[in-house]
Protein chains: 2
Amino acid sequence: MNKADLVNLVAARTELTKTDVALVIDAAIETIVDSVVEGKKVSILGFGSFEPRDRSARQGLNPKTGEKIKIPAKRVPAFTAGKLFKDRVQG
Amino acid sequence: MNKADLVNLVAARTELTKTDVALVIDAAIETIVDSVVEGKKVSILGFGSFEPRDRSARQGLNPKTGEKIKIPAKRVPAFTAGKLFKDRVQG
DNA sequence: TTCCAATGAACAAAGCAGATTTAGTTAATT
DNA sequence: AATTAACTAAATCTGCTTTGTTCATTGGAA
């Protein structure tokens with residue numbers, strides 16, 4: 001399922017126009033990303049939370065050639081699923 | 001930031017009512033969860049993708065008491081961030 | 001709406017860092 | 001009012017790391 005499918009399904013569920021649904025979804029994604037970029041966590045009860053997480057530098061390797069490479073410290077986006085989401089996927 | 005804050009910010013960005021925005025966000029979350037529950041991946045370009053991932057049973061331990069426990073096989077929700085999301089968080 | 005051009009995602013190889021596991025209280029969201 | 005997230009202890013296991021090609025997706029224009 002891609003974004004177009006998601007918009008169609010949500011529009012069908014909410015009986016709103018695809019235009020408005022796409023507008024809201026895009027804005028919601030941008031808002032979440034902006035917040036994580038600013039270092040603030042976004043928590044949506046039952047679904048999960050998005051937050052930035054710091055990765056320390058480490059010795060890695062190029063899986064293709066096998067040669068050692070140095071992976072620098074990073075800040076990456078992380079998602080933690082909420083209880084409802086976990087329970088429903090587990091079944 | 002919680003769901004109420006997200007709805008307020010998105011409503012401000014889109015100039016739609018908080019009611020409609022909340023409706024879309026809730027429906028989108030339910031649609032994503034439903035899809036992952038059905039085993040189908042949801043890909044949103046630039047943001048990331050949600051998919052179910054299988055965990056095999058393993059030997060773990062109770063970190064509180066230290067006793068060994070058996071962790072059963074599971075199916076858990078997983079999120080992989082997209083390029084744009086990663087790049088923006090990295091800065 | 002439909003097509004094109006262009007950008008993003010998937011795929012695979014092996015080793016290490018980080019997430020995950022229980023349980024109970026506090027704080028917070030619906 | 002009631003349910004859920006956060007927090008924390010130490011050991012095992014999962015995923016990230018690169019690079020190039022193939023394919024899907026996006027956004028603009030006719």
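Model, not experiment: these values are computed from the prediction. Chain identifiers are assigned alphabetically (A, B, ...) following the order of the sequence lines, protein sequences preceding nucleic acid strands; residue numbering begins at 1 within each chain.
When DNA chain D is scanned 5' to 3' for any atom under 4.0 Å from a heavy atom of chain A, the first and last hits are D:dT4 to D:dT26.
Base engagement by A:L61 is indicated by at least one non-hydrogen atom pair under 4.0 Å involving a base atom. A:I69 comes within contact range of the sugar-phosphate backbone alone, with a heavy-atom separation under 4.0 Å but no base atom that close.
Checked against a 6.0 Å centroid threshold, the rings of A:F79 and B:F85 do not count as neighbours.
Of the possible donor and acceptor atoms, one in the side chain of B:D5 sits under 3.5 Å from a partner among the backbone N and O of B:N2. Judged purely by atom type and a 3.5 angstrom limit, B:Q90 uses its side chain to pair as donor or acceptor with the backbone of A:R75. For the pair A:S35 (side chain) and A:T31 (backbone), a donor-acceptor distance under 3.5 Å is absent.
Atom P of nucleotide C:dA9 and atom CD of B:E51 are separated by 13 Å, given to the nearest angstrom.
Look at B:K74 and you'll find a side-chain N or O under 4.0 angstrom from OP1 or OP2 of C:dT21. The shortest distance between the side-chain N/O atoms of A:S56 and the OP1/OP2 oxygens of C:dG18 is below 4.0 Å.
Listed candidates were C:dG8, C:dA17, C:dA19. Nearest to the side chain of A:R53 is C:dA19.
Along DNA chain D, the nucleotide nearest to B:Q59 and the one nearest to A:I71 differ in position, and the one closer to the 5' end is contacted by B:Q59. Nucleotides of DNA chain C nearest to A:D54 and B:G82 differ in position, and the one nearer the 5' end is that of B:G82. Along DNA chain C, the nucleotide nearest B:K41 and the nucleotide nearest A:T80 are compared for position; the residue whose nucleotide lies closer to the 5' end is B:K41.
Under the 4.0 Å criterion applied to side-chain N and carboxylate O atoms, A:K74 and A:D54 are not assigned as salt-bridge partners. With respect to the salt-bridge test (charged N to carboxylate O, under 4.0 angstrom), the residues A:R13 and B:E30 qualify.
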